[in-house]
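Structure record follows, encoded as structure tokens.
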Amino acid sequence: MICLHQGDGNMTSEYKPGDIETKWQKKWEADGLYQADIDPSKKKFYALTMLPYPSGEMHIGHWYAMAPSDARARFKRMHGYNVMFPMGFDAFGLPAENAAIQRKIHPQKWTFGNIDRMRSQLKSMGTMIDWRREAVSADPEYYHWTQWFFIQLFNNNLAYRKQSPVDWCPQCNTTLAREQVHGDDRHCERCDTQVIKKDLDQWFFKTTNYADELLDFSQIDWPDRVKTLQTNWIGRSEGADVIFKTEDGDELTVFTTRPDTLWGATFMVLAPEHPLVEKITTPEQKDPVEAYQKEADQKTEIQRATVEKEKSGVFSGGYAINPVNKARIPIWIADYVMMGYGFGAIMAVPAHDERDFEFARQYGLEIIPVIQPGGEKFDGATMTEAYVGPGSMINSAQFDGTEVTDQKGRANPGLGKVIDWLEKDGLGKETVSYKLRDWLISRQRYWGAPIPMIYCDTCGWNPVPEEELPVLLPEEVEWLPTGESPLKLHPTWKDTTCPKCGEKATRETDTMDTFMCSSWYHLRYLSPKYKEGPFDQKEYDYWMPVDTYTGGIEHATMHLIYTRFFHKALRDLGIAEANEPMVQLRNQGMLLSEDGKKISKSRDGEGVKDDKEDNLKKPAIGEPMLQLRNQGMVLGEDGEKMSKSRGNVIAPDDLVALYGADTVRAYLMFFARWDLGGPWNSQGITGTERWLKRTWALYTEAEVKGDVSDELIRDLKREVHTALDRISKDYEGFEFNTIISTLMELLNTLHEAQRGGAAGSKEWKEILELYLLMMAPAVPHIAEELWTDVLGKTYSVHDQPWPEVDREMMEKDEITLIVQVNGKLRDRIVVPVDISKEEAEKTALASEDAAPYLEGKEIRKVIVVPGRLVNIVV
RNA sequence: GGGGCGGUGGCGGAAUUGGCAGACGCAGGGGACUUAAAAUCCCCCGGUUCACACCAUGUGGGUUCAAGUCCCACCCGCCCUACCA
């Protein structure tokens with residue numbers, strides 16, 4: 001073996017990723033190769049991937065999200081786009097505070113230390129991130145503008161303060177957004193503690209103003225799955241508010257999607273927390289009602305998951321009047337009615353609602369059918385289940401006989417007529433109800449962007465004057481065991497003067513939900529140092545909107561709704577222009593541990609590495625879990641291969657040290673379908689390692705000029721262009737695994753051709769160059785080394801245009817004709833590509849291998865698929 | 001209970017969208033090289049079978065000349081959600 005590679009006088013033909021990778025990373029950075037600046041002569045491409053929370057370490061899941069996205073951004077770059085691929089850190093949040101409490105490190109220090117570490121890890125992956133555009137949400141230069149946005153929303157009536165019962169996590173000592181409360185037992189998403197209800201004054205954003213617009217996805221190319229999740233989350237339902245009255249004359253409004261069934265409302269149900277409960281409860285029912293309220297209150301604190309869902313309730317003793325027929329109906333209290341939706345009160349129509357039916361049967365309440373399909377004759381006393389289908393109205397006075405269909409809202413004739421009548425008589429009105437609620441953004445924590453509001457006894461709440469922004473977090477803070485926010489406990493921080501009257505006033509001591517910070521980070525990337533505003537309009541005009549956004553599906557209902565809301569609000573405030581911030585969204589699947597379960601990061605005894613990106617619940621008892629980082633097991637560089645046993649160490653850094661970044665990048669693209677993810681398995685990485693070693697060998701081994709036929713070269717070129725075509729399509733379609741397998745396949749072909757004497761010819765050189773260009777986005781370092789240093793081509797391979805597919809070259813002159821008899825494969829015959837149908841049929845019928853199956857049989861039909869197969873039916 | 005995604009060799013996964021099932025890779029087996037190991041290279045590798053052949057894409061039906069792919073019914077796994085009036 002003769003060595004051709006003589007870079008830095010080091011005579012070796014061994015592939016040494018370690019040396020190559022640092023070398024090129026340094027050079028690319030020094031040359032500013034990936035700096036993206038406004039260039040009106042070029043088409044822009046804003047490739048964005050969700051920013052990580054700086055929990056301390058990058059883990060394999062981060063890389064799984066970023067490496068393929070980076071490869072695709074590089075592909076777009078070679079396609080002639082001016083590509084911006086920025087990165088930042090979602091740096092506010094609870095883990096930093098936990099670190100402060102447990103390890104006595106200031107959150108600032110902990111966070112920024114982690115960022116340094118993670119930034120260098122990201123660099124070691126060889127990404128094309130333009131680090132000049134880095135934005136860190138905990139940086140005062142950043143949260144200055146988060147606060148500024150809050151003020152704009154406040155000034156435009158999109159932020160308001162209200163006392164409301166909120167979900168409070170006693171462990172984290174903070175309120176949670178509805179989205180952060182999980183499960184039947186209503187536990188905190190972060191620490192699993194059961195949340196409790198607390199009445200607090202809180203700041204909200206009016207996300208509900210945009211509910212209908214958020215349901216419109218016509219301007220964006222997002223996965224159906226995310227659109228469905230958001231649609232369900234917003235939960236629009238059409239119906240009517242109907243005003244009932246208690247016997248005492250108090251109004252008791254309910255929302256219903258079925259006003260057509262009003263005549264069948266035989267009782268009402270209030271949520272246990274409903275404000276009218278106390279008033280309507282009769283003295284004799286007082287004790288059972290209060291007992292029930294107490295019980296319902298506690299119910300949220302026991303594992304409801306384990307309790308059979310049986311309806312429970314108690315009679316209040318009070319009655320209401322059904323406005324449509326003046327019937328006197330009892331009012332019950334039951335926890336199957338939620339205070340948080342509609343009015344916390346319902347009219348119960350047991351004949352046509354499953355829940356009401358179950359409840360009525362349980363407590364012996366009256367059931368009156370009011371919808372009946374043809375051919376049926378319902379009897380309330382004997383019905384065995386609620387009827388929810390279409391039919392015509394009965395027992396409904398003047399509406400008897402009116403048709404009711406399956407349609408929702410006014411489109412349903414029965415509904416429309418009843419709504420019109422209700423509105424005419426002032427008994428109710430048509431409304432739309434949403435599950436989506438206004439976004440609660442107050443957090444009683446230190447490590448977040450302070451809400452820039454000031455309270456004055458005479459002037460009320462007023463925003464901090466914009467020229468005084470940012471409202472900085474005080475550095476000298478203390479965490480007391482009470483768990484109260486250090487901002488609240490700080491001796492002087494909250495003291496200020498009223499911006500209106502100048503008298504003594506108090507600052508808001510709550511900080512903002514970190515989702516507020518991440519709702520606009522894509523805008524800060526445009527101009528992270530800009531001082532005149534949140535972003536430089538020039539940059540906005542050129543780069544926005546985001547062309548491709550990649551990240552995990554788990555953000556479908558939180559971040560991805562908030563960021564859309566935020567952008568629409570900014571548009572209405574005249575700050576942003578487009579209707580949608582991100583044009584195209586694609587989600588990678590989740591990486592699972594080897595047993596197929598969700599990966600949980602180990603709590604490595606320090607308990608602070610929880611990372612909200614990872615949805616770090618404590619695993620249920622008995623659930624197996626894979627440790628992503630285990631500090632006791634660091635592999636040496638010479639190292640033995642990764643242990644094959646379970647409980648494996650999967651730290652990207654260790655993998656990079658062992659195999660090199662290119663191998664790891666390629667394996668992340670190769671090992672699973674990107675959109676599905678799946679159980680992680682380190683074993684297979686030797687496959688991509690061998691691929692790169694073999695590639696290296698192909699370029700560095702001696703080339704012996706052989707005899708090469710024109711035919712071999714033509715075949716080779718066809719393979720190359722076919723692969724090029726496929727790879728180009730796969731990058732567009734986010735099908736990363738087949739990009740690598742196509743490259744591997746092509747390498748096998750090249751090796752074969754080399755053995756067949758193709759090396760040394762003029763075409764061979766061109767083909768080798770093409771192959772490097774095709775590899776470059778996925779494995780940028782080895783491609784650069786082979787291109788620039790081994791082949792001696794012009795630096796950099798990443799500045800080369802993506803090769804064009806030569807369609808003519810792809811055309812074959814021969815194909816393998818499949819001969820089937822009754823659909824079964826019997827022969828393969830090589831024929832010219834332009835063979836006529838008749839010729840193909842003739843050839844097939846003459847097949848020797850097929851002959852035995854045709855013998856003595858009558859040929860019924862011959863199907864010829866041009867260019868593919870002939871099926872003989874006998 | 002509702003919604004979504006999926007089920008193809010021992011494993012991860014391919015399959016031009018109805019046309020050669022199992023590309024590419026891992027693991028495994030055999031061989032070459034080596035004092036030996038690693039690395040590398042070559043061959044084999046769904047099942048039954050000496051072979052011919054037959055059977056195979058979760059199960060059962062159907063459409064079709066032809067089904068992993070389309071239709072109907074069902075089973076299993078994972079994820080999300082949870083009494084939404």
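In what follows, every chain begins at residue 1, and chains take the letters A, B, ... in the order their sequences are listed. All heavy atoms count here, side chains included; hydrogens, waters and symmetry mates do not.
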For [N] and [M], measure between their [atom1] atoms and round to the nearest Å.
| N | M | atom1 | answer |
| --- | --- | --- | --- |
| B:C65 | B:U16 | P | 23 Å |
| B:A23 | B:C72 | P | 32 Å |
| B:C54 | B:G1 | P | 45 Å |
| B:G46 | B:C78 | C1' | 26 Å |
| B:G77 | B:G58 | P | 16 Å |
| B:U57 | B:C11 | P | 15 Å |
| B:C75 | B:G22 | P | 32 Å |
| B:G25 | B:C33 | C1' | 25 Å |

- Which nucleotides of nucleotides 44-58 of chain B have their base under 4.0 Å from a protein heavy atom (B), which only their sugar-phosphate (S), and which neither (-), written as one string 5' to 3'? ---------SSS---
- A correct 5'-to-3' footprint of nucleotides 11-16 of chain B, with B, S and - meaning base, sugar-phosphate only and no protein heavy atom under 4.0 Å, is -BSSSB
Could you tell me how far apart [X] ([atom1]) and [N] ([atom2]) are, to the nearest whole angstrom?
| X | N | atom1 | atom2 | result |
| --- | --- | --- | --- | --- |
| A:Leu747 | B:G25 | CG | C1' | 13 Å |
| A:His274 | B:A85 | NE2 | P | 17 Å |
| A:Trp233 | B:G3 | CH2 | P | 18 Å |
| A:Ile872 | B:C65 | CD1 | C1' | 11 Å |
| A:Glu689 | B:C26 | CD | C1' | 13 Å |
| A:Tyr667 | B:C24 | OH | P | 17 Å |

- Cation-pi check, A:Arg826 onto A:Tyr853 ring (under 6.0 Å, within 45° of axis): yes
- Message: Using the rule given for side-chain hydrogen bond (donor to acceptor under 3.5 Å, both in side chains), can you reason through A:Tyr341 versus A:Ser237, listing the C-alpha separation, both sets of side-chain angles and the distance that settles it, and then say yes or no?
- Response: CA-CA 12 Å; A:Tyr341 184 75; A:Ser237 43; 3.0 Å; yes
Of the nucleotides [options], which has the atom closest to the [X] side chain?
| X | options | value |
| --- | --- | --- |
| A:Gln683 | B:C26, B:A85, B:C79 | B:C26 |
| A:Ile863 | B:C26, B:G19, B:A85 | B:G19 |
| A:Leu869 | B:G19, B:C24, B:A85 | B:G19 |
| A:Asn232 | B:C84, B:G3, B:C24 | B:G3 |
| A:Tyr341 | B:A85, B:G19, B:C24 | B:A85 |
| A:Val865 | B:A27, B:C24, B:G19 | B:G19 |

Base, sugar-phosphate, or nothing: which does [X] touch, judged by heavy atoms less than 4.0 Å apart?
| X | answer |
| --- | --- |
| A:Val337 | base |
| A:Arg755 | sugar-phosphate |
| A:Asn748 | sugar-phosphate |

- Query: Between A:Ser312 and A:Tyr292, do the side chains contain an N or O donor and an N or O acceptor separated by less than 3.5 Å?
  - Reply: yes
- Query: Does A:Leu825 or A:Ser237 map to a spot on RNA chain B nearer the 5' end, using the closest nucleotide for each?
  - Reply: A:Leu825
- Note on the structure: Taking for A:Thr257 and for A:Leu229 the nucleotide of RNA chain B with the nearest heavy atom, the one nearer the 5' end belongs to A:Leu229
- Going by the angle between their ring planes, with limits at 30° and 60°, are A:His555 and A:His559 parallel, tilted or perpendicular? perpendicular
- Measure up the A:Phe736 and A:Tyr731 rings against each other and bin them: parallel (under 30°), tilted (30 to 60°), perpendicular (over 60°). perpendicular
- Query: Who passes side-chain contact (heavy atoms from CB on, under 4.5 Å) against A:Thr231, sequence neighbours left out?
  - Reply: A:Leu215, A:Phe217
- Task: Verify side-chain contact (heavy atoms from CB on, under 4.5 Å) between A:His751 and A:Arg755, making sure each step is shown before the conclusion.
- Result: CA-CA 6 Å; A:His751 268 290; A:Arg755 281 197 298 274; 4.3 Å; yes
- Query: Salt bridge check: are A:Glu238 and A:Arg236 linked by an N-O gap of less than 4.0 Å?
  - Reply: yes
- Task: Verify side-chain hydrogen bond (donor to acceptor under 3.5 Å, both in side chains) between A:Asp356 and A:Tyr336, making sure each step is shown before the conclusion.
- Result: CA-CA 9 Å; A:Asp356 297 346; A:Tyr336 82 90; 2.7 Å; yes
Is [X] near enough to [N] that one of its side-chain N or O atoms lies under 4.0 angstrom from OP1 or OP2?
| X | N | answer |
| --- | --- | --- |
| A:Arg694 | B:G25 | no |
| A:Lys861 | B:C65 | yes |
| A:Ser433 | B:A85 | no |

My understanding is that a pair needs two contacts under 3.5 Å, Watson-Crick or G-U wobble. By that rule, which nucleotide pairs with [N]?
| N | result |
| --- | --- |
| B:C41 | B:G31 |
| B:U16 | none |
| B:G6 | B:C76 |

- Does the ring centre of A:Phe359 sit less than 6.0 Å away from the ring centre of A:Trp332? yes
- Hey, does A:Pro17 have a side-chain heavy atom less than 4.5 Å from the side chain of A:Asp662? no
